[in-house]
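A note on names: the letters A, B, ... follow the listed sequences, proteins ahead of strands, and every chain is numbered from 1.
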Amino acid sequence: MASGKEIRTQITSVKNTQKITGAMEMVAASKMRKAQDRMRAARPYAEKIRNVIAHMAHAHPEYQHPFMIEREVAKVGYIIISTDRGLCGGLNSNLFRAVFAHMKPFNESGVDIELCTIGQKARMFFRRIKGGLKAEASHLGDAPRLEELIGTVKVMLDAYENGEIDRLFLVSNIFVNTMTQRANVEQLIPLVADEAENISHYWDYLYEPDSKEVVDALLMRYIESLVYQGVVENIACEQAARMVAMKAASDNAGGMIDDLQLAYNKARQAAITQELSEIVSGAAAV
Amino acid sequence: MASTIHIDIVSAEEEIYSGEATMVFAPAKMGEVGIAPQHTPLMTRLKPGSIRIQVDGGEEQSIYVSGGMLEIQPHVITVLADTATRAKDIDEAAAISAKERAEQTLQDKASEIDIAKAQAELAEALAQLSALENLRKSLK
């Protein structure tokens, strides 16, 4: 059994760790709230664009933007959104597992895969595995700006327009609630037609300067906003996952301290007993 | 009550403005447009500039946008504002730097291998040294 002093140092070190995890939990909780606000703030933009695109698609069934046409799949692209930092439970590994599950059928049928990563963790993970890393963005911080994503998204959109990839997927975590985050893979382009939207009447717009330019700009912004939303949502997920992980760590540290305290008390008691019996037997010998 | 038109200004990052207006002026790509209620549906791009919103009391509000899209329906105006200055060459530069970062990442792999190699060599050298030392001690 370890001596009393050893156990005491161990208890102090576990207590220090607990202080850190406790602080990280609180920081994550407040950051999560902010990230959720940001998530909510980003929503109207994408919704508005989606409405406009739905109107346009109905008003101009004859005009088909490349982003709307299904092609034979010879190569696919993924935009993978991960966190920059660790200590957030299984968030990233669950996401990467979902990506692999999604890639599997493509791998088996010999379809090439191009990647674009956002966030440090995905970059470090996927550069070890696949060579087809086309673009990268990381260290976006807690309040990412759309500006920092434009380039990364454009690389993939250009690749699509040049026929280098025939399908583009967005991989990110979806914030269900504080306890649950779900890894999700969705198809970005070609745009999946949204049949659920019910618009009672359609009208045609006047376009300035012409419809093509307007539609191009609109679709590009739409996709950027989807990616941006994914990034913001992923931050909310990261903070929630970190909060939960840190809470578990603090609880575990508490349990460990209790155990150590018990061991310490036992060791102390044993030492006292031993001392007493030594004194008694010493006295008896005299 | 058709004398006002609803206007929403949103950017990808936040909702900027929402309210009723009697008249709106916006810097469209082909020149500034003034939009009164019951305007015909129109969609255009915006240049950097300010959107002026006249509210009921005759007050005027001005909101700067660095470009974006303007969508007009008879009762609703939607401004999809850009958060950053957008131009073809700026976008291009951003794309190129994103690509470069990716290439850098892939090149780092090589340097990491170099580190591993160096570490292995270092370990080997250390082992040799300690073996030599042991030999010396035993000879003494």
Side-chain angles (χ1 to χ4, degrees), chain A residues 37-38 40-49 51-52 55-56 59 115-117 123-124 126-128 131-138 143-158 203-209 211 213-215 217-218 220-222 224-225 228-229 232, chain B residues 8-18 26 28-31 33 39-46 66-74 76-88 90-110 112-113:
Chain A
D37 289 343
R38 227 168 270 130
R40 236 167 273 132
R43 217 164 267 161
Y45 185 79
E47 271 166 23
K48 290 264 151 61
I49 296 193
N51 273 338
V52 173
H55 273 300
M56 260 172 8
L115 293 176
C116 154
T117 63
R123 191 184 81 172
M124 301 310 266
F126 284 100
R127 79 158 196 217
R128 254 182 285 156
L133 191 59
K134 274 189 92 73
E136 187 273 329
S138 56
R145 284 175 309 138
L146 186 69
E147 221 177 316
E148 297 163 303
L149 296 170
I150 290 171
T152 318
V153 177
K154 189 174 161 58
V155 171
M156 292 314 260
L157 293 185
D158 284 351
W203 54 83
D204 196 6
Y205 294 99
L206 296 172
Y207 294 98
E208 270 179 34
S211 64
E213 194 189 330
V214 172
V215 174
L218 205 59
M220 198 165 156
R221 278 169 181 72
Y222 179 57
E224 280 164 7
S225 84
Y228 176 78
Q229 247 188 336
V232 175
Chain B
D8 284 314
I9 303 179
V10 291
S11 78
E13 289 168 21
E14 61 188 339
E15 202 161 8
I16 297 169
Y17 182 90
S18 175
K29 195 158 185 223
M30 312 286 280
V33 287
H39 194 284
T40 185
L42 171 81
M43 186 128 62
T44 181
R45 297 184 66 167
L46 291 177
S66 51
M69 309 287 298
L70 174 72
E71 187 223 0
I72 303 168
Q73 293 169 25
V76 190
I77 303 172
T78 309
V79 180
L80 302 163
D82 285 343
T83 44
T85 315
R86 301 293 295 264
K88 208 160 181 198
I90 296 177
D91 285 10
E92 205 72 57
I96 288 167
S97 81
K99 256 187 203 161
E100 273 169 3
R101 280 198 302 270
E103 276 157 20
Q104 184 77 39
T105 302
L106 292 175
Q107 267 167 15
D108 279 355
K109 191 156 73 180
E112 208 175 57
I113 290 169

Check your understanding: Looking at B:T44, B:V10, B:L42, B:T40, which one has more heavy-atom pairs under 4.5 Å with chain A than the rest?
Key ->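 Heavy-atom pair counts peak at B:L42.
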Exercise for review: May I ask you to name which of A:R123, A:E148, A:Q229 has the most heavy-atom pairs under 4.5 Å with chain B?
Suggested key: A:R123
Point to revise | For chain B, the option from A:S225, A:A137, A:S138 that forms the most heavy-atom pairs under 4.5 Å | key: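 Ranked by contacts with chain B, first place is A:A137.
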Point to revise | Which atoms of B:M43 approach chain A - backbone, side chain, both or neither, heavy atom under 4.5 Å | key: both
**Study point:** Part of B:S97 within contact of chain A (heavy atom distance under 4.5 Å)
**Key:**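 It is neither, since no heavy atom gets under 4.5 Å.
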Between [X] and chain B, which part of the residue has a heavy atom less than 4.5 Å away: side chain, backbone, both or neither?
X: A:D158; result: side chain
X: A:A46; result: neither
X: A:R145; result: both

**Study point:** CD on B:E100 to CD on A:E136, rounded to 0.5 Å
**Key:**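 So the CD of A:E136 and the CD of B:E100 are separated by 12.0 Å.
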Practice item. Report the distance from atom OH of A:Y45 to atom CE of B:M69, rounding to the nearest 0.5 Å. Key: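 The CE atom of B:M69 is 8.5 Å from OH of A:Y45, to the nearest 0.5 Å.
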Practice item. Please test B:D82 against A:R221 for side-chain contact (heavy atoms from CB on, under 4.5 Å), starting from the C-alpha separation and ending with a verdict. Key: CA-CA 9 Å; B:D82 285 343; A:R221 278 169 181 72; 2.6 Å; yes
Check your understanding: Is the shortest side-chain N to carboxylate O distance from A:K48 to B:E71 below 4.0 Å?
Key -> no
Point to revise | B:L80 and A:L218: CA distance, side-chain angles, deciding distance, side-chain contact (heavy atoms from CB on, under 4.5 Å) verdict | key: CA-CA 9 Å; B:L80 302 163; A:L218 205 59; 3.8 Å; yes
Point to revise | Heavy-atom closest contact (B:E15 atom, A:P44 atom, distance) | key: OE1-CG, 3.9 Å
